[in-house]
Amino acid sequence: EANKGVTLKNCRVDGNVTSFGVAGILIDSLGPIVISGGHANQNSAYGVYLDNSAAADAAPKSITISNFKADHNLGYGIHALSKGVISLTDVNVKMTTGASMAAIDLDNHWLGAGISLSKVTSSENNGEGINLITNGSLLDDAALTRLTPDKISIFELPLLSIKRAVHDR
């Protein structure tokens with residue numbers, strides 16, 4: 001069946017040096033992408049690069065990462081592009097050394113799918129900790145209070161409105 005997607009379980013990807021400068025784990029799919037368990041450490045480019053944004057059918061495809069670590073990568077620790085929900089749970093990214101790159105960079109601005117982060121940490125990185133680009137629902141005041149500048153360095157608001165009442169209609 002077409003577009004079934006990609007699932008990785010308990011993968012360990014370490015120390016890859018690539019002349020193309022892409023990623024330790026690179027997945028370009030037209031279906032959902034799931035990574036469960038494992039790590040991507042000390043790669044000469046991104047730790048993880050995931051993209052299913054080219055899926056053309058009506059149902060957006062999600063990206064889900066759980067129980068995963070990305071340490072000491074040269075580019076982004078985790079970079080994900082999707083038209084569907086991007087969900088990270090129990091994810092730790094640290095010591096990303098790419099100049100001016102976020103340790104975690106998530107972009108699903110095409111539709112209103114949103115981004116979900118639970119038990120996600122980003123520390124000791126050269127660039128921003130977490131960069132979110134989305135047209136999903138804006139965070140409520142309680143969530144904003146919890147997400148202090150040392151936890152999320154950049155939060156890009158959608159173009160519809162910076163006012164939650166207008167945007168979330």
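Please read these numbers as outputs of a predicted model, since none were measured by experiment.
Closest heavy-atom contact between Thr96 and Gly75: CG2-O, 2.5 Å. What you find for Ala45 and Ala23 is that their closest heavy atoms are CB-N, 3.9 Å. Taking every heavy atom of both residues into account, Val93 and Gly77 meet most closely at CG1-CA, 3.9 Å. Taking both residues in full, the closest heavy atoms of Pro60 and Gly84 are given as CB-CA, 3.5 Å, listed atom of the first, atom of the second, then distance. Contact between Phe68 and Ile25 at its shortest, heavy atoms only, is CZ-CD1, 4.1 Å. Listed here is the closest heavy atom pair of Asn125 and Met95: OD1-N, 3.1 Å.
Taken to the nearest 0.5 Å, the NE2 atom of His79 stands 13.0 Å off from the CD1 atom of Ile104. Taken to the nearest 0.5 Å, the CD atom of Gln42 stands 10.0 Å off from the OG1 atom of Thr97. If you take CG on Asp51 and CG on Leu30, they are separated by 9.5 Å, rounding to the nearest 0.5 Å. Atoms CG and CD1, on Leu88 and Ile65 in that order, are 4.5 Å from each other to the nearest 0.5 Å. Atom CG of Asn67 is separated from atom CD1 of Ile35 by 12.0 Å, given to the nearest 0.5 angstrom. Note that CG of Asn16 is 11.5 Å distant from CG of Leu26, once rounded to the nearest 0.5 Å.
Distance alone, capped at 3.5 Å, places no donor-acceptor pair between the Asn43 side chain and the Asn73 backbone. Without hydrogens or angle criteria, Asp107 side chain to His109 main chain gives a donor-acceptor distance under 3.5 Å. The closest donor-acceptor contact from the side chain of Asn52 to the backbone of Lys61 lies under 3.5 Å.
Clustering ILVMFWY residues whenever any of their side-chain heavy atoms sit less than 4.5 angstrom apart, transitively, puts Leu8 in the very cluster that holds Ile86. In the hydrophobic cluster analysis, where Ile, Leu, Val, Met, Phe, Trp and Tyr join through side-chain heavy atoms closer than 4.5 angstrom, Ile133 is grouped apart from Val85.
Scored by the side chain to side chain contact (heavy atoms under 4.5 Å, CB included) test, Asn41 finds Asp14, His39, Asp71 as partners (sequence neighbours excluded). Considering only residues two or more places apart in sequence or on other chains, Ser123 meets the side chain to side chain contact (heavy atoms under 4.5 Å, CB included) condition with Lys94.
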Next item on the list: Go through the steps to decide whether Thr134 and Asn108 satisfy the test side chain to side chain donor-acceptor pair (under 3.5 Å), and finish with yes or no.
Entry: CA-CA 5 Å; Thr134 185; Asn108 69 351; 2.7 Å; yes

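Ring pair Tyr76/Tyr46 is perpendicular by interplanar angle, where above 60° counts as perpendicular and below 30° as parallel.
No option in Ile27, Leu50, Ile63 other than Ile27 meets the side-chain contact (heavy atoms from CB on, under 4.5 Å) test with Val6.
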Hey, can you pull the donor-acceptor pairs under 3.5 Å for the side chains in residues 113-121, sequence neighbours left out?
from, atom 1, to, atom 2, distance (Å)
Thr121, OG1, Asn92, OD1, 3.2

